[in-house]
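The figures here come from the full heavy-atom set of this structure, side chains too, leaving out hydrogens, waters and symmetry mates.
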Amino acid sequence: MAAHTQKNNKPRKPGGKESQPLIIAKTPAEEQRLKLERLMRNPDKPAPIPDRPKEWNPRAPPEFVRDVMGSSAGAGSGEFHVYRHLRRREYQRQDFLEKISEKVNEDIEYLDKVELNKQAADDRTAKRRKKREKLKRKMRMAKMAKLESKNKGEDDAEKSSESSSEDDGEREREAEDDAEAPSFIMGRK
């Protein structure tokens with residue numbers, strides 16, 4: 001007899017699946033752990049990834065209704081159940097349409113809010129950029145004024161050694177230059 005036989009005397013494939021004890025998961029975490037272990041036994045086998053379920057759509061209302069129910073007497077006992085199912089189906093369809101319109105409105109509101117936030121962020125950025133540029137301009141002006149005063153100080157020292165008297169017009173011009181110079185210099189301690 002063959003060495004690899006089962007109880008019903010059918011030959012078993014060598015190297016096949018070994019029987020594993022049945023483990024019943026008691027918690028969701030244990031169930032997930034068991035699923036991961038089963039997947040990791042054979043990593044070459046592709047894992048089944050289910051597609052996203054399609055959104056439920058109600059049946060379209062009929063274009064032509066053959067059995068129109070009226071309020072007249074004489075309706076059979078089964079007509080009430082037919083009417084009840086039709087009414088329930090119509091209410092479901094109306095609820096579905098309301099939910100769709102709410103979702104569309106929420107999407108539009110969200111997009112508007114995102115646009116407003118983006119506009120506000122752009123405005124803040126532009127305001128800060130303008131402030132930075134203004135500060136840079138003041139720094140350049142202060143630096144230029146400092147260089148001019150340094151140069152004038154050297155020029156004045158040379159002129160005073162050559163001639164001790166200055167023109168009144170030059171003094172007025174220097175007074176105007178001093179008035180244009182910024183009253184503070186950033187970065188000094």
Side-chain angles (χ1 to χ4, degrees), residues 23-71 80-152 172-189:
I23 301 172
I24 298 174
K26 294 177 182 163
T27 63
E30 193 174 329
E31 182 180 350
Q32 191 171 15
R33 181 181 57 80
L34 290 172
K35 285 181 181 179
L36 282 174
E37 286 176 359
R38 191 176 73 225
L39 282 173
M40 294 310 290
R41 278 188 211 132
N42 187 3
D44 296 334
K45 182 179 175 182
I49 299 173
D51 291 335
R52 188 173 184 185
K54 292 182 180 177
E55 192 172 303
W56 178 81
N57 275 336
R59 266 196 313 195
E63 300 224 0
F64 181 76
V65 180
R66 294 181 188 275
D67 300 322
V68 178
M69 283 178 275
S71 61
F80 173 71
H81 301 293
V82 173
Y83 164 74
R84 191 178 66 189
H85 290 303
L86 288 174
R87 184 183 63 183
R88 181 181 52 84
R89 193 175 300 140
E90 180 62 19
Y91 286 161
Q92 279 182 338
R93 189 181 72 82
Q94 288 176 358
D95 288 341
F96 175 76
L97 292 176
E98 287 175 9
K99 286 179 184 176
I100 292 280
S101 66
E102 286 176 13
K103 186 176 180 182
V104 168
N105 289 339
E106 288 174 357
D107 289 344
I108 289 172
E109 288 174 10
Y110 172 75
L111 291 175
D112 290 343
K113 187 175 180 181
V114 166
E115 186 64 31
L116 287 174
N117 288 345
K118 186 178 178 182
Q119 184 65 33
D122 289 344
D123 292 345
R124 284 193 307 268
T125 304
K127 185 177 178 182
R128 289 176 182 162
R129 182 184 308 119
K130 187 176 177 181
K131 190 174 181 180
R132 282 193 308 271
E133 291 296 325
K134 186 177 178 182
L135 188 62
K136 283 181 186 178
R137 200 174 325 117
K138 281 187 178 180
M139 292 288 285
R140 270 191 249 121
M141 292 288 288
K143 192 173 184 180
M144 290 175 69
K146 182 180 176 184
L147 289 174
E148 285 179 12
S149 66
K150 194 175 187 182
N151 289 340
K152 283 186 180 180
E172 290 176 15
R173 190 172 35 137
E174 286 178 359
E176 290 174 3
D177 287 345
D178 289 340
E180 292 176 358
S183 60
F184 66 94
I185 297 177
M186 297 290 293
R188 280 202 179 166
K189 291 183 180 179

Contacts of type side-chain contact (heavy atoms from CB on, under 4.5 Å), residue Ile108, not counting sequence neighbours: Val104, Asp112
Test salt bridge (Lys or Arg N to Asp or Glu O under 4.0 Å) applied to Arg93 - qualifying residues, sequence neighbours left out: Glu90
Gln92 versus Arg88: any side-chain heavy-atom pair under 4.5 Å? yes
So, using side chain to side chain donor-acceptor pair (under 3.5 Å) as the criterion, who are the partners of Glu37 when residues are at least two apart? Arg33
What residues form a salt bridge (Lys or Arg N to Asp or Glu O under 4.0 Å) with Glu63, not counting sequence neighbours? none
Is any side-chain heavy atom of Glu133 less than 4.5 Å from a side-chain heavy atom of Lys130? no
Can you measure from CD (Gln94) to CG (Leu97) and round to the nearest 0.5 angstrom? 7.5 Å
Name every donor-acceptor pair, under 3.5 Å, that has one atom in a side chain of residues 24-32 and the other anywhere in the protein, sequence neighbours excluded.
{"residue": "Thr27", "atom": "OG1", "partner": "Glu30", "partner atom": "N", "Å": "3.2"}

Excluding sequence neighbours, so at least two apart, what forms side-chain contact (heavy atoms from CB on, under 4.5 Å) with Arg84? Phe80, His81, Arg87
In short, ring-ring contact (aromatic ring centres under 6.0 Å, His included) pairs touching residues 92-129 with sequence neighbours left out are Trp56-Phe96
Lys146 NZ to Lys143 NZ distance, which is reported to the nearest 0.5 Å: 9.0 Å
For Lys103, what residues pass the side-chain contact (heavy atoms from CB on, under 4.5 Å) criterion, not counting sequence neighbours? Glu55, Asp107
Sequence-distant partners of Arg128, side chain to side chain donor-acceptor pair (under 3.5 Å), two or more places apart: none
Listing request: all side chain to side chain donor-acceptor pair (under 3.5 Å) pairs with a residue in residues 117-127, at least two apart in sequence or in separate chains. Gln119-Asp123
What distance do Arg132 atom CZ and Met139 atom CE have between them, rounded to the nearest 0.5 Å? 14.5 Å
Results of side-chain contact (heavy atoms from CB on, under 4.5 Å) for Asn42 - residues two or more places apart only: Asp44, Lys45
